[in-house]
2 protein chains.
Amino acid sequence: MSKRGRAGEPPLYAQIRDVLLDRVRTGALAPGQLLPNEFELAAELGVSQGTVRRALDTLTRERIVVRRQGSGTFVAVPDPDEWLFRYFNIYDAAGRQVTPDSIDTLASTGLANKRECERLGLGLNARVVRVTRRRTHDGVPFIAETLVLPADLFAGLAERAEIPNTVYDLMQRDYGVLVGRGDERVTAVAAGSLEADLLSLSPGTPLIRIDRVVYAIDGRAVEWRVSLCHLTEKHYRVRLT
Amino acid sequence: MSKRGRAGEPPLYAQIRDVLLDRVRTGALAPGQLLPNEFELAAELGVSQGTVRRALDTLTRERIVVRRQGSGTFVAVPDPDEWLFRYFNIYDAAGRQVTPDSIDTLASTGLANKRECERLGLGLNARVVRVTRRRTHDGVPFIAETLVLPADLFAGLAERAEIPNTVYDLMQRDYGVLVGRGDERVTAVAAGSLEADLLSLSPGTPLIRIDRVVYAIDGRAVEWRVSLCHLTEKHYRVRLT
DNA sequence: GAGTGGTCTAGACCACCCT
DNA sequence: GGGTGGTCTAGACCACTCT
C-alpha cells in the first residue's frame, strides 16, 4: 500500500477498507468484537484518522461494522431476525412485514445438475445441498421453496438436526461466509398439481415465482433458491430509489 | 443556520444540502446549470469547503447533482432513457433490460375516487389525470397499465398531444416535480377477459400485477400506477443489497 | 496552464456512553 | 471524568478537463 494514489491504484481509504474487511473475513476480527479506536487504527496502518474514518464509514454502509458514538466500533453480529427480514420482502395488507415459519424441511446432498452448476457458478462434479420446505403464516402454508447450496462451502449442513428459518445468518455464524447481495427474478406462474397439493390450492392458481441467487461479499454464489408464493391479502414489496 | 450543532439541530452539512436542494427545487439552479465551485459556495454560505463537499456528496448520491472532476458540479438533467430504465425493472432471458414502447395511450381528467384519494394522499373533490396504455416489446403487447396523477400538479397533461413513453422526466422538466422514490406491491393475478383481450392471451393466464406509488422528493405522492405484465422469457428483476 | 473535483492530513470541539 | 465517534475547519497535493 502506497501513501500517494499512484496511477490506477485505488484510493487509500479503499485499501484500508479492504484490509479491515479481510480481518473480518479471516476471523482476526470476530463478530461482536470491539475494534481499536480511530487513532489507534490510524497509527497502526500509517494513515490519518480521517482516512480510517472514511474506510469505517464505507464498512458501516456495507453493514460489516456497527459504530456507536461513545462506545466504539464493533464487528457486526449477524442477527437471525434482521437477516430473515432483509431478504424476505412480503408484507400484509396493512403494510406490516410478514414473519414466516418453516415446516416440512427436508435436506439432502447430491451431484449438481447442469442448471444448478450454471446458476451457482460451480464446476463439473460439484456437490450441492438441497433443501425443500414450506413456509407458513399464521399456520397456513403459502410458500413452497427449494434451496440449493454448494456442498463444499457448507459441509455437514444436510446432516444437521434442523435447518433454521433463515440460512443467511447461519452461513455467517457457522461457515464464515459473509453474505453480500442477492439477485431475484420474479415471474408469475400457474400452480401445478404438486404446488396445488403443497399449498392447498386449485391447480392453475396464479403464483409468484421468485428465483433468487445470493452472493457472498467476495462474489461467489452461495445459494440458489426458487420460491413459489401464494399471496392472498399479501404482496411482494419493492422499494424504488 | 447556526455554526455549531446546537441541541437537536441537524448538522451543518445537512443544512447546506437543504439550502442547495431548495435552489434546485425553486429553479434558482436550473437542470444542467454549473454550480459555483466548492470554495465559492463555502464563502457564500459561511462554512468550510469540506462541509460544502459533504453536502454535495449527499446530493450526488441522491442524483440531484452530477460532479465531474476537472469540469465542475452540475444540476442533474433528467434523462428520458435513464428514467425509463430506472423504474422499469424487466429483463429478458439473456439478462438485458427490456426497452418497452407505448401504444393506445388514452388520457382523461376526472374526479378522484376513494381508492385514488387514499393511494395518492389527496383530499376530497381532488381531480386526477388518468392514463391507460399498452406497452410492447418487439411489437408485441405485454403490459396493460393505468396511471393516475394528481391533476393540480400536472395541469394540461391530459390535453397534451402525446404522453411520452416515460412520464418521470416529463414531471421534472415540464412541471418541476422532483421524483424521489417509489414503492411497489407485486402480486400474481389471473388475466381477466379485458386483459386477455388487450394482451392477446387466454383468460386465466398468470400475470404479474405491479401496484406502484411514486413520491416526489418532498414526500408528496405524484403517481399511482397499476401494471399487468405478461412475462414470457422475461422477468421482473430485484436487486437485494 | 488554469480551474475543477478527489484525496489526504492535522487538529479542534462537541455529543454521547459508561462507570 | 475519560474515552469514543460525529462534526467542522484549514490547508496541501493530486488527477482530470478544457482551451
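The structure displayed is predicted, hence computed values, not measured ones. We name chains A, B, ... by the order of the sequence lines, and we start the count at 1 in each one.
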Would you tell me if any nitrogen or oxygen in the side chain of [X] comes within less than 4.0 Å of OP1 or OP2 on [N]?
X	N	value
B:S48	D:dT9	yes
A:Y13	C:dT7	yes
A:T51	C:dT7	no
A:T73	D:dG5	yes

Exercise. According to the interplanar angle, ranging from 0 to 90°, do the rings of B:Y168 and B:W83 count as parallel (below 30°), tilted (30 to 60°) or perpendicular (above 60°)?
Worked result: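 Tilted: the ring planes of B:Y168 and B:W83 meet at 30° to 60°.
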In terms of ring plane angle, is the pair B:Y175 and B:F154 parallel, tilted or perpendicular, where the classes change at 30° and 60°?
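Perpendicular, since the angle between the ring planes exceeds 60°.
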Check this for me, if you would: do [X] and [Y] make a salt bridge, where the nitrogen-to-carboxylate-oxygen distance has to be below 4.0 angstrom?
X	Y	value
B:D183	A:R237	yes
A:R23	A:E44	yes
B:D211	B:R209	yes

Quick check on contacts: within residues 53-68 of chain B, what sits under 4.0 Å from DNA chain C by heavy-atom distance?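 B:R53, B:R67, B:R68, in order of number.
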Value in whole Å for how far the [atom2] atom of [N] lies from [atom1] of [X]:
X	N	atom1	atom2	answer
B:Q15	D:dT7	CD	C1'	12 Å
A:R17	C:dT7	CZ	C1'	17 Å
A:F39	C:dG11	CZ	C1'	8 Å
A:E38	C:dC13	CD	P	18 Å
B:N37	C:dA2	CG	P	16 Å
A:E9	D:dA15	CD	C1'	14 Å
A:Q49	D:dG6	CD	C1'	10 Å
B:E40	C:dA2	CD	C1'	14 Å

- Query: Relative to the 5' end of DNA chain C, which residue comes earlier, B:G70 or A:V52, by the nucleotide with the nearest heavy atom?
  - Reply: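 Its nucleotide being nearer the 5' end, the pick is B:G70.
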Q) Within the side chain of B:R212, is there an N or O that forms a donor-acceptor pair under 3.5 Å with the backbone of B:Y87? A)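 Checked: pair present.
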Which nucleotide, D:dC18, D:dC8, C:dT9, lies nearest any side-chain atom of B:L12?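 Nearest nucleotide to the side chain: D:dC8.
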message: What's the closest nucleotide to the side chain of A:Q69 if the choices are C:dT4, D:dG11, D:dT4?
response: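 Ranking C:dT4, D:dG11, D:dT4 by closest atom to the A:Q69 side chain puts D:dT4 first.
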**Study point:** All side chain to side chain donor-acceptor pair (under 3.5 Å) counterparts of B:Q69, not counting sequence neighbours
**Key:**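 Per chain and number, B:Q69 pairs via side chain to side chain donor-acceptor pair (under 3.5 Å) with no residue.
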